[in-house]
Amino acid sequence: MAAPSMGGVSLPRGNGQTVRLPRGASLTDLAERINAQPAALVTALFHLGEMVTATQSVNDDTLQLLGAEIGWVIQVVSPEDEDRELLETFDLTFGDEEGDEEDWSARPPVVTVMGHVDHGKTKLLDAIRDANVVAREAGGITQHIGAYQVVTELEGNERPVTFIDTPGHESFTAMRARGAKVTDIVILVVAADDGVMPQTVEALNHAQAAEVPIVVAVNKVDKEGANPAKIRQQLTEYGLVAEEYGGETMFVDVSAITRQGIDELLTAVLLTADAELDLRANTEQDPQGVVIEGKLDKGRGPVATVLVQRGTLRQGDSIVAGDAYGRVRSLLDEHGNKLKEALPARPVQVVGLTSVPRAGDTFLVVDEDRVARQIADRRQARIRNAQNASMRKRISLEDLDAALKETRQLNLIIKGDNSGTVEALEEALMKIEIDDEIALRVIHRGVGGITKSDIDLALADDVIVLGFNVRAEGQATELANREGVDVRYYTVIYQAIDEIEAALKGMLKPVYEEVQLGTAEVREVFRVPKIGNVAGSLVRSGTIVRNAKARLMRDGAVVADNLTVESLRRFKDDATEVREGYECGIGLGSYNDIKIDDVIETFEMREKPRD
């Protein structure tokens, strides 16, 4: 039944019925679901004080505001539910399947190494797998996630263990959270000479939220001042009680430099896995898993590091990972060696995708390339709509006048070596809070070198281009230099954050504050031909400076403001300044209403530094 709404607009009343919409849906999408005219919904929102077009992506709050007004309960579908519904349309599911008992087999534990920045996580992994990774990390700080598999021995049997290294810098919170989600066991690295730090607690919270067992590696025990017992004591406050204190958490004293305790740490991981977890997976179902990292390789094109969670991934499989798809051209291990197949809990690099997937995306294998392309296209449209809705600010009728005025905006293009760092850098930059006068907008982000098309886009929108561990390629450098495009290169994330914050502060309109220079008391007034009245004065405080701003005070009240000290003399000589305790003659230009006992106050306007 149609009921009149605001402004005489006729809209179908929902009477409390629920309508489900994907994140970033438009008013046209809503109109189709409730059998209404898009124009009527635009008018209804206008009367609610929101300016939205029919095809514009609308954020969740605005959709629910409109729904409440017209009697519909609008349920915004989460990305996970939307993805599940999308897969169901292709008769696919993402998750465990029972399968036959004989299809299930033991799999290696997946271990994430977490801890505070600079507590030795990467050096510890270095020692475990005998590969010098930390030397390749800018400033010795992990800038992305790496996944590796090592083989160790327990009770005479060779056992593989998969390791994931997560960054410790505070900007990589989302990446640590993802690391915890794909993990069976967390190794919490704490430096024996430093103790529990902010990222230590954050990593611990991620691990406990994911409900995974924790093994504590007390690192740097070889250093002077190391106190492993203090670490055990500190961590009891967070619910981690060492076995030797009667608790259940295994603590191992290690040194990444001397390799002390490395074997014991691997043994502790395997013992924890055997005691607390039943690590088995179905190797025969369609392969599924999660993208750990993605990058653009010059020789191979898009390369995704994936962790197979169930099934067996083979060369030639049709794969869809997030909004990327393709046929698996080759599988590579962490050393670049080709593999024929990847079993569950095996991290592997996949070559053959059409684009670089985002870290944290799920991947699955489908029967046909056509199905993979259709799923990827729909995911891409969904992601784009959601991004458009989150980027677009709500403009109310009251704010429309202000919105139409000139806004100061810093536009950025972010390019990086892999998808995780691009995402983390964008998230960190968007959290910078300076002032309501200016805005930060990322108009494009991507993986790989800075291309000519990036520079062309920068020219069109007056953009700063950020390259994180990547450089401009070929013609792009020449074009950027010729057109004066600001291209900045970074290898450490906090340098990028600091410089962009400084750039944003530089865009703010300067704020000036008045600084008093000096005061002078008028003792006599002299009439000088062709000049006017000159105040014979005694400088009471500070300094009187020629050409300074001035105001005239009489009996405590301001008589005249916006004056200038146009002439300043000591006896018959011109002076640039006269200090406290000295007499002088002060001329205030054409202003002549000066009387004995008046006070001349001089000041200057100085730019106020912003915090």
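Index from 1, following the sequence.
- No side-chain heavy atom of Val303 sits less than 4.5 Å from a side-chain heavy atom of Val350.
- In this structure the side chain of Leu265 reaches within 4.5 angstrom of the side chain of Val215, judged on heavy atoms.
- Atom CD of Glu244 sits in a crowded spot, with more than 12 heavy atoms from other residues, nucleotides or ligands closer than 6.0 Å.
- In terms of heavy-atom proximity, Asp222 sits nearest to Ser255 at OD1-OG, 2.9 Å.
- The environment of CD in Glu237 is crowded: more than 12 heavy-atom neighbours from other residues, nucleotides or ligands sit within 6.0 Å.
- Interatomic distance, CG of Leu339 versus CZ of Arg346, reported as 5.5 Å (0.5 Å rounding).
- Residues Asp184 and Leu279 meet the side-chain proximity criterion, which asks for heavy atoms closer than 4.5 Å.
- The backbone N or O of Gln495 lies less than 3.5 Å from no partner atom in the side chain of Asp498, so there is not a single donor-acceptor pair.
- With a 6.0 Å radius and a threshold of 12 heavy atoms from other residues, nucleotides or ligands, Glu276 has its CD atom above the threshold.
- Closest non-hydrogen pair, Ile497 versus Ala428, comes out as CD1-CB, 3.6 Å.
- Comment: Arg107 does not engage Asp278 in a salt bridge, judged by the lack of any side-chain N to carboxylate O separation of less than 4.0 angstrom.
- Distance NZ/Lys223 to CG/Asp193: 4.5 Å, rounded to 0.5 Å.
- Between Ala273 and Pro109, the shortest heavy-atom contact is CB-CB, 4.2 Å.
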Working for side-chain hydrogen bond (donor to acceptor under 3.5 Å, both in side chains), residues Tyr490 and Glu499: CA-CA 10 Å; Tyr490 301 98; Glu499 284 199 19; 2.8 Å; yes
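- Partner Asp253 forms a side-chain hydrogen bond (donor to acceptor under 3.5 Å, both in side chains) with one of Lys220, Arg232, Gln260 and no other, that one being Arg232.
- Atom CG of Asn205 sits in a crowded spot, with more than 12 heavy atoms from other residues, nucleotides or ligands closer than 6.0 Å.
- The minimum heavy-atom distance between Thr272 and Met250, with the atom names listed, is OG1-SD, 3.6 Å.
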Trace of the side-chain hydrogen bond (donor to acceptor under 3.5 Å, both in side chains) decision for Asp417 with Thr421: CA-CA 8 Å; Asp417 57 338; Thr421 46; 3.3 Å; yes
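- Between the CG atom of Leu235 and the OG1 atom of Thr249 there is a distance of 8.5 Å, given to the nearest 0.5 Å.
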Verdict with reasoning, Arg310 to Glu284, per salt bridge (Lys or Arg N to Asp or Glu O under 4.0 Å): CA-CA 8 Å; Arg310 54 196 69 89; Glu284 296 303 315; over 6 Å; no
side-chain hydrogen bond (donor to acceptor under 3.5 Å, both in side chains) between Gln149 and Thr162, intermediate numbers included: CA-CA 4 Å; Gln149 196 169 73; Thr162 295; 2.9 Å; yes
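- Here the closest heavy-atom approach between residue Arg159 and residue Leu270 is recorded as NH2-CD2, 3.7 Å.
- Side-chain contact between Phe468 and Lys415 is absent, with no heavy-atom pair separated by less than 4.5 Å.
- The distance from atom CD of Gln208 to atom CD1 of Ile214, rounded to the nearest 0.5 Å, is 5.0 Å.
- Salt-bridge check for Glu423 with Arg358: failed, with every basic side-chain N at 4.0 Å or more from each acidic carboxylate O.
- At a threshold of 4.5 Å between non-hydrogen side-chain atoms, the residues Thr305 and Val291 do not count as touching.
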Leu204 and Thr200: CA distance, side-chain angles, deciding distance, side-chain contact (heavy atoms from CB on, under 4.5 Å) verdict: CA-CA 6 Å; Leu204 178 59; Thr200 313; 5.8 Å; no
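- In terms of heavy-atom proximity, Val306 sits nearest to Phe363 at CB-CE2, 3.7 Å.
- Panel note: side chain Gln315, backbone Lys340; no donor-acceptor pair is recorded below 3.5 Å.
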From CA spacing to verdict: side-chain contact (heavy atoms from CB on, under 4.5 Å), Val320, Val365: CA-CA 6 Å; Val320 55; Val365 169; over 6 Å; no
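- Annotation: side chain of Asn337 is not in contact with side chain of Leu332 (no heavy-atom distance under 4.5 Å).
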Glu248 and Val241: CA distance, side-chain angles, deciding distance, side-chain contact (heavy atoms from CB on, under 4.5 Å) verdict: CA-CA 6 Å; Glu248 298 180 352; Val241 182; over 6 Å; no
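- Proximity of Val111 to Ile164: side-chain heavy atoms (C-beta onward) are nowhere separated by under 4.5 Å.
- At distances below 3.5 Å, at least one donor-acceptor pair connects side-chain atoms of Arg327 with backbone N or O atoms of Gly316.
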Step-by-step side-chain contact (heavy atoms from CB on, under 4.5 Å) determination, Phe163 to Ile128: CA-CA 10 Å; Phe163 282 91; Ile128 290 171; 4.0 Å; yes
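- In this structure, CG in Leu154 is found 10.0 Å from CG in Leu266, a value given to the nearest 0.5 Å.
- To the nearest 0.5 angstrom, Asn219 atom CG is 5.5 Å from Leu124 atom CG.
- Between Ile231 and Asn227, the closest side-chain pair of non-hydrogen atoms is not below 4.5 Å.
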